[in-house]
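First the structure, in the form of structure tokens, and then the observations on it.
Start at 1 with the first residue, then count along the sequence. Counting convention: from 1, in listed order, for ligands and their atoms alike. Because only heavy atoms are used, hydrogens play no part in the values below, and waters and symmetry mates are left out as well, while side chains stay in. None of these values were measured; they are calculated from a predicted model.
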Amino acid sequence: MNFLILGVESSCDETGVALVRQGKGAALPVLLAHALHSQIAMHQAYGGVVPELASRDHIRRVLPLARAVLAEAALPLNAVDLVAFTRGPGLAGALLVGAGVACALAAALNVPVLGIHHLEGHLLSPFLSADPPEFPFVALLVSGGHTQLMRVDGVGAYALLGETIDDAAGEAFDKSAKLMGLPYPGGPVLAKLAERGDPAAFKLPRPLLHSGDLDFSFAGLKTAVLTQAKKLGGALQEHKADLAASTQAAIVEVLVKKSLKALAQTGLRRLVVAGGVGANRQLRAMLDAACAERGVRVHYPELQLCTDNGAMIAMAAAMRVQAGVAFPDRRYEFDVRPRWSLHETLHERAA
Ligand code: KG4
Ligand code: ZN
């Protein structure tokens, strides 16, 4: 097969479109072109994502982006063999835009469509990097909405090892940043500020660090950050970088320790990090150091593909089709799944 796949991502505040060519035989699919429009500037005035504005902006962006990737790959629309879209989880209205456009395009072209789970996109995005992983591996999936450790034995073979019982790691970054008065999107802004701060300046909790299992909890951290910010009062401004660095250190330490525990527990020697928080430099540095010490290989998506994008959706579709675990069809009536657990559809929780 030499399939050309158009992927559309519109689950939150980024519109992403990409073209992926499925490899021959066991060869990995190749990214031909991808284009992204981030809505950060639009939502910034509101301090967070406004769902209705997000949906409307996806409508404006998706077709121009599709034209841009086709132009970049120098391919006509009718060269597309399959259209993939993010079916969930995410904002319902935003998802409906991508699903609607994907199904309309596919119907016009008379090619099959495939709805993709957003997290599977993140999970498989490191296969687009210059240093792709090999199965099996432990995956640390850290996004704005999810924090999970998984055992991944192949495409579609995902076993949940542990997950957050409350806030996600990205949420912990975002909410802490907001409490410190930093602008949306909090995570990257907090991380940037942390570069100038002392990570040991404030003692913040490392929830569930010694819980013995692979679950996470980050809700208490933001409360601790709020308490510190209140205590500092007018002095917050001058200690902001230290508080940011201490917050980042707490989140990163828990993520690193639990990832190492998952590796030890499974006996696997390969770790894949995916999702927006995977762009965090401190997390990468700490994981690199800890894994090097233990002879574990770590794989990341390319930095620009850590956060939401269309390439990971096209890639997940290509890999699912190639592995024979997805069967795209020409049924164009679509639905979206705003709340959708990857494991609900795929696998039971690991013993
Ligand atoms: O995967 P993603 O783009 O969207 C979701 O599927 O949620 O992840 C977005 C999350 C946000 O919480 C954002 O603050 C966080 O990833 N993030 C970061 C960094 N870049 C993005 N967190 C910490 N450091 C970063 N450099
Ligand atoms: Zn995401």
Under 3.5 Å, N or O to N or O, is [X] touching ligand 1 that way?
{"X": "Gly187", "result": "yes"}
{"X": "Glu171", "result": "no"}
{"X": "Gly276", "result": "yes"}
{"X": "Glu14", "result": "no"}

Quiz item: Atoms of ligand 1 less than 4.0 Å from His118 heavy atoms?
Solution: 6 (O)
Exercise. Just jot down the ligand 1 atoms closer than 4.0 angstrom to any heavy atom of Gly170, in number order.
Key: 12 (O)
Quiz item: Parallel, tilted or perpendicular: which describes the rings of His118 and His122, with under 30° parallel and over 60° perpendicular?
Solution: perpendicular
Looking at every heavy atom in both [X] and [Y], which two are closest together, and how far apart are they?
{"X": "Leu342", "Y": "Leu119", "value": "CD2-CB, 4.3 Å"}
{"X": "Leu31", "Y": "Leu19", "value": "CD1-O, 3.6 Å"}
{"X": "Ala318", "Y": "Val20", "value": "CB-CG1, 4.0 Å"}

Self-check item: NE2 (His118) to the Zn ion (ligand 2) to NE2 (His122) angle, given to the nearest 10 degrees
Solution: 100°
Exercise. Report yes or no: does Cys12 have an N/O/S atom closer than 2.8 Å to the Zn ion (ligand 2)?
Key: no
Quiz item: At a non-hydrogen distance cut-off of under 4.0 Å, which region of Arg281 contacts ligand 1 (side chain, backbone, both, or neither)?
Solution: neither
Self-check item: Nearest option to atom 12 (O) of ligand 1, as decided by whichever heavy atom of Val142, Thr86, Asp174 sits closest
Solution: Asp174
Practice problem: Pick out which of Trp340, Phe85, Tyr158 makes a ring-ring contact (aromatic ring centres under 6.0 Å, His included) with His117. | Solution: Trp340
Self-check item: Charged tip of Arg284 within 45° of Tyr300 ring normal and under 6.0 Å
Solution: yes
Counting non-hydrogen protein atoms only, what is the nearest one to [atom]? Give residue, atom name and distance.
{"atom": "atom 24 (N) of ligand 1", "value": "Asn280 ND2, 2.9 Å"}
{"atom": "atom 2 (P) of ligand 1", "value": "Asp308 OD1, 3.3 Å"}
{"atom": "atom 9 (C) of ligand 1", "value": "Gly144 N, 3.7 Å"}

Quiz item: Hey, is Gly145 one of the residues with a heavy atom under 4.0 angstrom from ligand 1?
Solution: yes
Quiz item: Are Cys12 and ligand 1 in contact, using a heavy-atom cut-off of under 4.0 Å?
Solution: no
Quiz prompt | Test item: side-chain donor near acceptor, Ser129 and Asp131, under 3.5 Å | solution = no
Quiz item: Is there a donor-acceptor contact under 3.5 Å linking the side chains of Ser246 and Gln248?
Solution: no
Practice problem: Assess whether salt bridge (Lys or Arg N to Asp or Glu O under 4.0 Å) is satisfied between Asp215 and Lys258, documenting all intermediate values. | Solution: CA-CA 8 Å; Asp215 286 338; Lys258 295 271 174 165; over 6 Å; no
Exercise. Give the name of the N/O/S atom in Asp308 that lies closest to the Zn ion (ligand 2).
Key: OD1
Quiz item: So does Arg61 pair up with Asp57, basic N to acidic O under 4.0 Å?
Solution: yes
